[in-house]
Amino acid sequence: MKRILIFSYYFPPCHGSPPWRAYSWAQHFKEQGLFPVIVTRHWQGDENKWEDYIHDTDLPMKHEVTDDFEVYRLPSQKSKLFHFLHRKIFITSIFRPLYYFICDLTGNFNPEVNAFRTFSSFAKKYLMANEVDFILLTGPPFNLFKLIKKLAKVSNAKVVADFRDLWDNREAAPAYNPSLMKQFKNKLIKFHLSRLLKNVDALSTVTPAFIDLLHKLNRKDVVVIYNGFEKKYFDEITRVSNEKFTCSMIGSLYAAQNVDIMLAGIQAFVLTHQNEDILFKFIGLDPDKRFLTRISEMIDKKYLFISPRIGKALAVKETVQSDVLLYPGWKGYKGVIGVKPLDYLASRNNILLAPGDDDILDNLLTKTHSGVIANSAEEFLNELNKFYSQWKKNKICIYNGVESEIRFFSRENQAKIFAQYLQTLRGNDIKN
């Protein structure tokens, strides 16, 4: 069986969406004849705010072996200069902006999460002692890609750089008009990335909208591997009827998402159905209080439940147990699909997208017949009233999802597609 070495800074038990992309490969590549070896850093599994994710750990390396994959968990490292400049003293607050500017100029991306420094020494030693057929690096952080040149010197493996995000996802939108400073910074990042990617054999990413931008960095193939949903987690949960009509928004909200339509629609719905069995859940909101304050001000707390981030298993349970799943589309962006809408698909519950994005999410709902789109508060209220009328009759809403289209987005299927693509890089059958 061929071996694939996967570098992923984020990996379970780390909270959030990024860890699950690499974890899906760890779980499913072996079925396709590839044995994964994961290299990551130590995580506690209780990360909630950004400071938790950039906090260093000096735990010694730990090697874990399962039937499906191996994982090496390493102590995380940042430069001494970074630690010095982030002490809470006045002088460092002066030099800190200069430090980040120099980092941009020199291509030292994401110094607060230094994957290159964390993995570099181990990577070289491992490849000098072990043969692998493929090397896969998934970013951000993009400083991880500084490893590529170093790895190419000690291994003949095929190398693939995976982009979960761009340096600036808004660049995929035709109408994007960044400031001059942002344009300068983006050009710097792209210049350095193009140099770091010279030794790759292919690129992968999460959405077709990123292909053209990645081709400008490197003319090698770009394969789209969607994030997908983990089928087995959803299969393990048996849904029971809710005593209250339950609508849930699960996961983080971001400043770029327009929540006005959703919140105004909920507010109108609550006013229309006073003292009825209804509940709106916001599960996994970031500690950022701008959304917490708005939600609390607009929705009567009697019909409201809010929680911080929770583990994957609980998030899946909340998704399955909802009657309607709410999500604000990325209006003005192109190709941003995220992980959460795909988890929503797996629940086989109706999705109420408000607003639509006039792009990939709208197409996803149309193709899978898994929900409806509302582009105004009035449309939101109308669609939610329809779902509520259905629920009042049978404690369940009518669902017409197209199974074949939904199954395409399972992590298992996406891993299969990826493995088959890697096979073409090697020019022979992966399976022995």
Side-chain angles (χ1 to χ4, degrees), residues 2-10 18 21-22 25 34 37-40 79 102-111 113-128 130-169 171-172 183-225 418-419 421-428:
K2 298 213 170 19
R3 295 173 73 83
I4 180 167
L5 185 63
I6 302 174
F7 291 91
S8 180
Y9 192 80
Y10 303 103
R21 185 164 174 83
W25 301 329
L34 276 176
V37 179
I38 314 297
V39 182
T40 186
S79 70
I102 293 173
C103 284
D104 289 339
L105 283 177
T106 58
N108 183 22
F109 314 120
N110 314 114
V113 281
N114 199 328
F116 173 76
R117 188 179 178 90
T118 298
F119 299 151
S120 181
S121 177
F122 172 84
K124 183 177 179 180
K125 290 176 182 177
Y126 182 89
L127 286 172
M128 290 180 70
N130 299 273
E131 289 284 338
V132 300
D133 299 278
F134 302 95
I135 298 172
L136 174 56
L137 308 94
T138 179
F142 293 134
N143 56 53
L144 177 63
F145 296 153
K146 293 171 70 175
L147 280 175
I148 293 171
K149 184 177 180 180
K150 188 172 186 175
L151 302 180
K153 291 180 179 179
V154 293
S155 174
N156 292 319
K158 297 294 184 181
V159 179
V160 178
D162 177 63
F163 284 77
R164 297 189 314 275
D165 286 294
L166 296 178
W167 46 94
D168 180 355
N169 285 342
E171 277 210 7
Q183 290 180 50
F184 175 69
K185 184 173 181 178
N186 284 348
K187 285 180 179 179
L188 273 178
I189 294 173
K190 287 184 284 187
F191 168 76
H192 288 295
L193 279 175
S194 65
R195 291 171 51 246
L196 297 179
L197 296 172
K198 282 183 179 179
N199 294 102
V200 301
D201 295 282
L203 305 175
S204 58
T205 191
V206 297
T207 174
F210 292 171
I211 292 176
D212 288 344
L213 288 166
L214 292 176
H215 269 154
K216 291 178 181 179
L217 301 181
N218 187 294
R219 297 306 302 175
K220 297 291 177 61
D221 282 348
V222 180
V223 59
V224 175
I225 305 297
F418 205 2
Y421 176 76
L422 293 172
Q423 175 182 348
T424 67
L425 292 181
R426 268 296 174 199
N428 56 40

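These figures come from a predicted structure and were not determined experimentally.
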Q: Report the C-alpha distance between Val223 and Val160 in whole Å, list the side-chain angles of each, state the deciding distance to 0.1 Å, and finish with yes or no for side-chain contact (heavy atoms from CB on, under 4.5 Å).
A: CA-CA 10 Å; Val223 59; Val160 178; 5.7 Å; no
Q.
Using modelled atom types and a 3.5 Å cut-off, is there a donor and acceptor pairing between side-chain atoms of Asn143 and backbone atoms of Phe109?
A. yes
Q.
Here's a test for you: under side-chain contact (heavy atoms from CB on, under 4.5 Å), which of Asp133, Val132, Ile38, Leu151 qualifies with Leu5?
A. Val132
Q: Can you measure from CG (Leu34) to CD (Gln423) and round to the nearest 0.5 angstrom?
A: 9.5 Å
Q: Show the numbers, then the answer: is there a side-chain contact (heavy atoms from CB on, under 4.5 Å) between Ile225 and Tyr421?
A: CA-CA 10 Å; Ile225 305 297; Tyr421 176 76; 5.7 Å; no
**Q.** Tyr9 side, atom OH; Thr118 side, atom OG1 - distance, nearest 0.5 Å
**A.** 5.0 Å
(Q) Side chains of Arg21 and Val206, heavy atoms from C-beta outward: is any pair under 4.5 Å? (A) yes
Q. Sub-3.5 Å donor-acceptor pair from the side chain of Ser194 to the main-chain atoms of Phe191, do we have one?
A. yes
Q.
As a quick check of understanding, evaluate side-chain contact (heavy atoms from CB on, under 4.5 Å) for Asn108 and Lys146, giving each step before the final call.
A. CA-CA 9 Å; Asn108 183 22; Lys146 293 171 70 175; 4.1 Å; yes
Q | Note, Leu136 side chain near Leu422 side chain (heavy atom, < 4.5 Å) | A | no
Q: For Lys190, enumerate each residue passing the salt bridge (charged side-chain N to carboxylate O under 4.0 Å, His left out) test, keeping only those at least two apart in sequence or located in another chain.
A: Glu171
Q.
Once rounded to the nearest 0.5 Å, what's the spacing between atom CG of Leu188 and atom OG1 of Thr106?
A. 9.5 Å
Could you go through residues 196-205 and list every donor-acceptor pair under 3.5 Å that involves a side-chain atom there, pairing it with any protein atom two or more places apart or in another chain?
| from | atom 1 | to | atom 2 | distance (Å) |
| --- | --- | --- | --- | --- |
| Asp201 | OD2 | Val159 | N | 2.8 |
| Ser204 | OG | Asp162 | OD1 | 2.7 |
| Thr205 | OG1 | Phe163 | O | 2.9 |

Q: Look up atom CH2 in Trp167 and atom CG in Asn110, then write down how far apart they are to the nearest 0.5 Å.
A: 13.5 Å
Q. In Å and rounded to the nearest 0.5 Å, what is the CG to CG distance from Asp212 to Leu217?
A. 11.5 Å
Q.
A quick test of your reading: do over 12 heavy atoms of other residues, nucleotides or ligands sit less than 6.0 Å from NZ of Lys150?
A. yes
Q.
Under the criterion side-chain contact (heavy atoms from CB on, under 4.5 Å), I'd like the reasoning laid out for Tyr10 against Val113: C-alpha separation, chi angles, the key distance, then a yes or no.
A. CA-CA 10 Å; Tyr10 303 103; Val113 281; 4.0 Å; yes
Q. Is a side-chain N or O of Ser8 found less than 3.5 angstrom from the main chain of Thr138, in a donor-acceptor match?
A. no
Q. Who are the salt bridge (charged side-chain N to carboxylate O under 4.0 Å, His left out) partners of Arg164, not counting sequence neighbours?
A. none
**Q.** Atom pair CZ (Phe7) and CD1 (Ile148), whose distance is rounded to the nearest 0.5 Å
**A.** 10.5 Å
Q | Contact summary for Leu425 and Phe134, nearest pair of heavy atoms | A | CB-CE2, 4.5 Å
Q) Counting distance only, does the side-chain N/O of Asn169 pair as donor-acceptor with the main-chain N or O of Leu166 below 3.5 Å? A) yes
